[in-house]
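Residue numbers count from 1 along this sequence.
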Amino acid sequence: MTDDSRRSRPVILGQNQYGKAENRVVKITRDGDTHHIKDLNVSVALSGDLDDVHYSGSNANCLPTDTTKNTCFAFAKEYGIESAEQYGIHLARHFVDSQPSIHRARIRIEEYAWERITASDANSQFIGADEVKHSFVRKGQEIRVAQITYDGTEFEILSGLKDLTVMNSTNSEFWGYIKDKYTTLKEDYDRILATSLSTWWRHNWTNDEQRMPNWEKSYEQAKKHILQAFVETYSLSLQQTLYQMGARVLNNRGEIDEIRFSAPNKHHFRQDLSFCGLDNDAKDGAVYYAADRPYGLIEATILRDGTEARIPVDMTNL
């Protein structure tokens, strides 16, 4: 193909979006002497009538990314942060409804949790207060996530979490799998099952005509059901456990229609100690080595019967 023929082929603009990514918004709410923290990482992505800014460089329809950053901070002050979802709904609605050229807004949020530090019984003699209510330690469990998308008519609210590491030290087996000439893995009837969960779930609330969920309660309850199902499932495969966790959430939370998991298997292999004459059986309390990579990556979507899967498969996987 000649250079001239390449130049004659039409080139058009495809999907595009822009915005300000990773705005670190920390809001302190003071309830008398008691303080509360909302610590968010907020990314804004806008799309719409933006052909000219790409084709000719005209910025007439372009809201500056610096403005989107300023809006994130101003809304935290003006409206507060009741929840990551509610805050994202305010932002998404504002960007689409206030700007004729913006037709779709996606707000993606990570939330970092803090818990209050309890002072010693004798703290008052040092600081002159009966109780410390403004000191916190960063929680080291999961990171809460939310994604709010608005097109001027309907919202799509995804909530979830990532980096929630869980382990069952027994009640897990893995056997009966396909074996060929490349298979070296031994069947295991008493193994450690550990994973670092990342998951998104989709709410069926889409507009103001519906009753809005209590976002904070919904998150805590969904997480509770995930963990309870992990504890209470005698696992013959990590796939089985994921299904049970998703089913437990959907069966108990009517506001959720779909949930997707990505679960890297945190492998723990029993160390061979036969070289020094020691048995290393699970029933006796084994010693394991934790292998960080490579790892099995198990993913699944569980959805309510009659609903359509809408959580993108690449939101959680490698």
Going only through I, L, V, M, F, W and Y residues with side-chain contacts under 4.5 Å, is there a path from [X] to [Y]?
X      : Y      : value
Val145 : Val42  : no
Val25  : Trp114 : no
Ile148 : Ile143 : no
Leu303 : Val249 : no
Val166 : Phe174 : no

Determine whether a donor-acceptor pair (N or O, by modelled atom type, separation under 3.5 Å) exists between the side chain of [X] and the backbone of [Y].
X      : Y      : value
Asn168 : Phe230 : yes
Gln210 : Asn207 : yes
Ser274 : Gly277 : no

Identify the residue among Ile259, Ile311, Ile256, Thr301 that makes a side chain to side chain contact (heavy atoms under 4.5 Å, CB included) with Arg202. Ile311
Checking Trp200 against Ser262 for the side-chain contact (heavy atoms from CB on, under 4.5 Å) test, could you report, in this order, the C-alpha distance in whole Å, the side-chain angles of both residues, the deciding distance, and whether it holds? CA-CA 9 Å; Trp200 289 94; Ser262 181; over 6 Å; no
Contact summary for [X] and [Y], nearest pair of heavy atoms:
X      : Y      : value
Pro312 : Arg260 : O-CD, 4.0 Å
Ser196 : Thr165 : OG-OG1, 3.5 Å
Ala146 : Ala84  : CB-CB, 4.2 Å
Gly80  : Tyr87  : O-CD1, 4.1 Å
Arg248 : Ala229 : NH2-CA, 3.7 Å
Ser172 : Leu193 : OG-CB, 3.5 Å

Once side-chain hydrogen bond (donor to acceptor under 3.5 Å, both in side chains) is applied, what residue pairs with a partner in residues 284-293 remain, sequence neighbours excluded? none
Calculate, to the nearest 0.5 Å, the distance between atoms [atom1] and [atom2] belonging to [X] and [Y] respectively.
X      : Y      : atom1 : atom2 : result
Asn251 : Arg253 : CG    : CZ    : 12.5 Å
Asn59  : Asn61  : CG    : CG    : 9.5 Å
Ile298 : Leu197 : CD1   : CG    : 12.0 Å
Trp201 : Leu158 : CH2   : CG    : 10.5 Å
Ile107 : His94  : CD1   : NE2   : 10.0 Å
Asp190 : Asp281 : CG    : CG    : 9.5 Å

Do other residues, nucleotides or ligands put more than 12 heavy atoms under 6.0 Å from the [atom1] atom of [X]?
X      : atom1 : result
Tyr112 : OH    : yes
Arg138 : CZ    : yes
Glu187 : CD    : yes

I'd like to check the side-chain hydrogen bond (donor to acceptor under 3.5 Å, both in side chains) partners of Glu209; sequence neighbours left out, ordered by chain and number. none
Is there a side-chain hydrogen bond (donor to acceptor under 3.5 Å, both in side chains) between Arg106 and Thr149? Walk through the geometry before answering. CA-CA 4 Å; Arg106 188 199 72 198; Thr149 305; 5.8 Å; no
So do the side chains of Thr65 and Tyr18 get within less than 4.5 Å of each other, counting heavy atoms only? yes
Any side-chain heavy-atom pair from Ser235 and Asn171 closer than 4.5 angstrom? no
side-chain contact (heavy atoms from CB on, under 4.5 Å) assessment of Glu255 paired with Trp205: CA-CA 7 Å; Glu255 75 276 14; Trp205 181 88; over 6 Å; no
Which is it for His203 and Ser159 under the side-chain hydrogen bond (donor to acceptor under 3.5 Å, both in side chains) test, yes or no, and what are the steps along the way? CA-CA 8 Å; His203 296 270; Ser159 301; 3.1 Å; yes
Look at the rings of His90 and Tyr79 and say which category their plane angle falls in: under 30° parallel, 30 to 60° tilted, over 60° perpendicular. parallel
Between Ile81 and Leu40, does a side-chain contact (heavy atoms from CB on, under 4.5 Å) hold up when you go through it step by step? CA-CA 9 Å; Ile81 303 176; Leu40 307 182; 3.7 Å; yes
Between [X] and [Y] (salt bridge meaning N to carboxylate O under 4.0 Å), is one present in this structure?
X      : Y      : answer
Arg24  : Asp39  : yes
Lys162 : Glu110 : yes
Arg304 : Asp257 : yes
Glu258 : Arg310 : no
Glu82  : Lys38  : no
Glu85  : Lys217 : no

Could you walk me through whether Thr183 and Asp180 pass side-chain hydrogen bond (donor to acceptor under 3.5 Å, both in side chains), step by step? CA-CA 5 Å; Thr183 302; Asp180 63 15; 3.2 Å; yes
Against the six-membered ring of Tyr177, is Lys179 placed for a cation-pi contact (under 6.0 Å from the centre, within 45° of the normal)? yes
Within 45° cone of Tyr219 ring axis and under 6.0 Å: Arg144 NZ or CZ: yes
Trace of the side-chain contact (heavy atoms from CB on, under 4.5 Å) decision for Gln271 with Asn280: CA-CA 7 Å; Gln271 181 67 43; Asn280 195 27; 4.2 Å; yes
Would Gln228 and Lys223 count as a side-chain hydrogen bond (donor to acceptor under 3.5 Å, both in side chains) here? Give the steps. CA-CA 9 Å; Gln228 288 180 346; Lys223 177 186 171 184; over 6 Å; no
